[in-house]
Amino acid sequence: MALRKAVLLDADYTVKKGKTYVRLLLKGKKTFRLYDFYEPYFYADAPESEAEKIMQMAVEHNGEKITPLRVQAVQKNVFGKDKMLLKITCSSPSHVPHLSAKTPHPVYENNILFGRRYMIDKGLSPFCLLAYEREGKFIKKLLWAKEGTPKLNSLAFDIETYNPIGAPRPEKDPCIMISYANGSCGVLTYKKINKPFVVSKKSEAEIISSFCDVLRKNETDVLFGYNSSSFDLPYLQARSGALKIPLPIGRDGRSFLLRKAGMRDMAKIGGRIHIDLYPAIRFLSFIGALKASKFTLEAAYSEITGKQKYMVKRLEIHQMWDSSTDEVREELAHYSMQDAIATKELGAIVLPLLVEMSRLTKMPLFDTAYATAGQLVESLLIYRSYEANAIVPSKPTEAQAKEREAHPIEGAFVKIPKAGIYENIAVFDFRGLYPSIITSHNIDPFTLNCDCCTKEQSFVSPLGSRFCKKKKGLIPAVLEDIMAKRSKLKDELRPLQKDSEAYRTLFARVQALKIIANSYYGYLAYARSRWYAREAGESVTAWGRHYIQDTIAKASQEGFDVLYGDTDSIFLLLGKKGKEDALSFMKKINAALPSGMELELEGFFKRAVFVSKKAADAGAKKKYAMLGEDGKIKIRGFELVRRDWSSVAKDTQRRVLEAVLVHGSPQKAVNIVREVIERLRSGAVPLEELAISTQISKDPKKYEIISPEISAAKKAIARGSHIEKGSIISYIITKNGSTISEKAEILEHAKNYDASYYINHQVLPSVLKILKELGFSEDDLKFKGMQHGLGHFM
DNA sequence: TAATTCGCTAGACCGA
DNA sequence: TCGGTCTAGCGAA
């Protein structure tokens with residue numbers, strides 16, 4: 001029997017004649033599927049004497065009688081202690097929920113997806129190179145698996161729809177273009193358009209089937225779309241239905257399956273990996289792996305790649321399509337092509353990150369693309385539990401989750417800074433504070449209050465919780481591995497050229513490891529976590545507070561003025577001391593820290609601005625700007641880093657900070673403000689610079705308080721705009737109305753702006769706090785002091 | 001139903 | 001009309 005090798009991409013299952021087969025998606029020279037017989041199971045915490053009774057269980061479901069296949073006693077580590085459990089094997093994964101619900105004992109591992117179950121039990125990871133023997137379509141024997149790297153064929157696509165009333169109606173309005181991009185590019189359409197990349201077909205039906213042909217010929221493994229799970233694919237399906245044609249988009253010749261997981265849509269295409277970049281980019285931005293704050297394709301593209309994409313106004317698409325001028329339709333085709341190309345470029349950036357997260361967490365790529373942080377963290381813990389022969393804790397009930405949510409744990413310490421302008425600052429922070437606290441103190445739900453150590457023998461948290469010193473917990477073990485892997489990869493990264501492919505891939509891996517490592521603390525304190533432990537979670541933050549406060553106290557003892565500190569960082573004013581003093585202080589701290597924890601230098605800064613709070617006289621936390629030795633300005637918390645402020649205010653604030661930090665010139669700062677106020681008063685500022693963007697987290701109808709963005713949204717909806725939960729509203733405060741809400745109009749509908757609002761509510765508040773630290777009191781600025789004041793405040 | 005808590009701010013709302 | 005309270009959004013870590 002020949003040994004064969006292929007890279008594993010995904011696993012799900014199918015039931016044939018009452019038997020369960022795992023269906024593996026493999027990539028060798030081609031991408032193909034193989035089947036492997038495997039049986040689902042769950043555990044019951046019951047004595048062996050109950051086995052016979054459990055074997056007799058029967059559930060009626062849809063006329064089918066469901067019974068267990070086998071019951072056997074097995075030894076498992078149950079939450080820190082070895083124990084005998086009953087393993088109940090079933091003939092189909094769909095039987096597991098029925099039989100586990102009927103079992104009159106506590107049950108475990110009764111809701112682990114079966115494709116995943118198989119991969120875990122066989123020790124397989126996504127992208128592992130698998131050696132096996134086969135017999136027809138079946139795996140005869142798995143031989144070994146090691147790390148592999150598949151070459152995936154990817155293709156990005158986008159559709160354009162006819163939209164005479166604004167939003168297209170899937171049952172009526174045709175899909176007029178389908179664009180795709182990989183090595184080659186094309187736009188499928190059914191009007192004659194004279195562009196080299198346009199492929200003209202006779203009808204809408206033909207462009208849909210041609211698109212499926214493109215996927216087949218390209219042997220697409222990874223299909224990228226943008227919002228394609230919620231829009232493009234369902235739209236194509238609806239059109240296929242209306243046209244009474246099939247949509248053979250999968251390798252199996254079938255359409256896709258839409259899975260709704262909470263708010264997220266996941267369109268799963270047979271034999272391919274469909275990645276909707278919209279949720280993926282949202283997620284990666286949320287956890288800080290990518291930088292995007294707006295999530296339209298255009299905005300994400302320009303924020304992530306730094307390039308601009310050609311745009312047409314959505315509302316004009318149907319007019320362009322109907323136009324009698326050739327050039328207008330050519331323009332539309334060009335636009336459509338650009339959408340697919342932009343999607344392809346984003347896919348190329350996102351894929352390496354997703355692949356690494358998938359490898360690391362053992363979650364297949366498709367699921368990783370739609371996963372939450374909790375699911376990623378959980379995935380790896382489940383995998384490692386099996387390796388340790390440990391039972392996976394069950395998810396909490398809704399009532400338990402609510403109870404946990406009602407009592408949040410205490411978080412980090414933040415020192416109140418004194419407002420002012422400072423020079424010569426040293427900033428230190430604890431490298432990976434929470435992960436290092438977890439590993440250094442063996443924090444885990446099942447090392448908590450162990451039987452094997454006395455209090456004196458344990459790690460005891462500042463709150464008095466006790467953690468085992470003898471046996472390493474699962475979470476610390478997993479984290480240690482992640483950290484070790486990360487530091488190894490960082491070493492490999494160092495000699496590489498920054499613009500090389502190897503660098504980018506390795507950098508993605510380093511980044512993925514950091515993201516996952518930083519999520520474990522959150523998971524410990526997450527109300528719906530399988531591994532929730534209040535005492536463990538609050539011990540992490542308690543130790544965090546202890547170490548930072550202790551460091552602050554020691555710095556003061558050494559004669560440093562401690563300017564500020566937040567969670568894991570400490571800002572020292574050097575004063576008469578030198579950099580060496582600060583560095584030797586750091587050394588001293590490190591010598592006293594447990595192994596695994598480290599205070600490191602973030603950098604020296606020439607100058608810094610801290611401002612006071614608006615409401616009180618105290619210094620504001622989480623709001624400062626500093627000038628680094630490299631000339632770069634580090635800005636945190638100021639309006640100018642927030643997306644819900646107008647760019648006129650943000651730009652002015654940035655320029656003022658630069659005047660203060662770089663040039664040390666109050667006069668320059670004042671002049672900037674004066675000039676901007678003049679421009680605002682003259683009415684010459686373009687509306688784009690005045691737009692304020694906020695995202696709405698609820699259906700616009702469901703708000704109790706009508707804020708400006710909701711007011712603008714409601715007016716826009718009345719005029720036919722489509723605005724829903726999650727939409728980002730860009731609005732202008734106009735002259736029309738009395739309250740601010742009344743004056744708010746979305747950018748597209750605004751005709752003028754209220755200069756007084758922008759001066760008094762946007763520009764001045766954002767700069768006054770800074771100017772105040774230059775010695776101007778608010779009254780000075782407003783009424784006297786400067787010769788001309790800052791305008792007349794209308 | 002989306003990893004955590006801490007913190008700032010705007011503007012609406014409400015009652016004196 | 002004023003000031004306190006509350007809702008909501010977003011950022012720091």
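Heavy-atom basis, side chains included; hydrogens, waters and symmetry copies ignored. Below, chain A is the first sequence line, B the second, and so on; all start at residue 1. Please read these numbers as outputs of a predicted model, since none were measured by experiment.
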From E745(A) CD over to N736(A) CG, what is the distance, rounded to the nearest 0.5 angstrom?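 Reported to 0.5 Å precision, the distance equals 7.0 Å.
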Looking at CE of M626(A) and OH of Y564(A), how far apart are the two atoms once the value is rounded to the nearest 0.5 Å?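 Answer for the CE-OH pair, M626(A) versus Y564(A), is 10.0 Å.
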Need one value for [X]: base, sugar-phosphate or nothing, where a base atom within 4.0 Å counts as base even if backbone is also close, heavy atoms only.
{"X": "F413(A)", "answer": "nothing"}
{"X": "K622(A)", "answer": "base"}
{"X": "R643(A)", "answer": "sugar-phosphate"}
{"X": "F430(A)", "answer": "nothing"}
{"X": "Y757(A)", "answer": "sugar-phosphate"}
{"X": "V641(A)", "answer": "sugar-phosphate"}
{"X": "R636(A)", "answer": "sugar-phosphate"}
{"X": "K260(A)", "answer": "nothing"}
{"X": "S741(A)", "answer": "sugar-phosphate"}
{"X": "L433(A)", "answer": "nothing"}
{"X": "G522(A)", "answer": "base"}
{"X": "I706(A)", "answer": "sugar-phosphate"}
{"X": "S569(A)", "answer": "nothing"}
{"X": "E378(A)", "answer": "nothing"}

To the nearest angstrom, how far is [X] atom [atom1] from [N] atom [atom2]?
{"X": "E639(A)", "N": "dG9(C)", "atom1": "CD", "atom2": "C1'", "value": "13 Å"}
{"X": "D429(A)", "N": "dA12(C)", "atom1": "CG", "atom2": "C1'", "value": "13 Å"}
{"X": "K634(A)", "N": "dA13(C)", "atom1": "NZ", "atom2": "P", "value": "6 Å"}
{"X": "I710(A)", "N": "dG9(C)", "atom1": "CD1", "atom2": "C1'", "value": "11 Å"}
{"X": "K623(A)", "N": "dC10(C)", "atom1": "NZ", "atom2": "P", "value": "16 Å"}
{"X": "I729(A)", "N": "dG9(C)", "atom1": "CD1", "atom2": "P", "value": "10 Å"}
{"X": "M626(A)", "N": "dA12(C)", "atom1": "CE", "atom2": "P", "value": "12 Å"}
{"X": "Y703(A)", "N": "dT7(C)", "atom1": "OH", "atom2": "C1'", "value": "10 Å"}

Between H441(A) and Y547(A), how do the two ring planes meet: parallel, tilted or perpendicular, split at 30° and 60°?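 Tilted: the ring planes of H441(A) and Y547(A) meet at 30° to 60°.
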Parallel, tilted or perpendicular, as decided by the 30° and 60° cut-offs, for the rings of H274(A) and Y370(A):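 Judged by the thresholds at 30° and 60°, the geometry between Y370(A) and H274(A) is tilted.
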Rounded distance in Å between the P positions of dA2(B) and dA13(C):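 Looking at atom P only, dA2(B) and dA13(C) are 26 Å apart.
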What do you reckon, are the aromatic ring centroids of Y434(A) and Y520(A) less than 6.0 Å apart?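 Not under 6.0 Å, so no.
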May I ask you to decide whether E378(A) forms a salt bridge with R530(A), counting only side-chain N to carboxylate O separations under 4.0 Å?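 So E378(A) pairs with R530(A) through a salt bridge.
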Flag the pair D617(A) and K418(A) as a salt bridge only when some basic side-chain nitrogen lies within less than 4.0 angstrom of an acidic carboxylate oxygen.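 No salt bridge links D617(A) with K418(A).
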Are S697(A) and dG9(C) close enough that a side-chain N or O sits under 4.0 Å from OP1 or OP2?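 S697(A) to dG9(C) OP1/OP2: side-chain N or O found under 4.0 Å.
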Can you tell me if NZ on K715(A) sees more than 12 non-hydrogen neighbours from other groups inside 6.0 Å?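 Buried by this count: over 12 neighbours within 6.0 Å.
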Terminal contacting nucleotides, 5' and 3', DNA chain B versus chain A (heavy atom, 4.0 Å):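 The footprint of chain A covers dT1(B) to dC13(B).
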Do Q695(A) and R643(A) get their side chains close enough for a donor-acceptor pair, meaning under 3.5 Å?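 Yes, a side-chain donor-acceptor pair sits under 3.5 Å.
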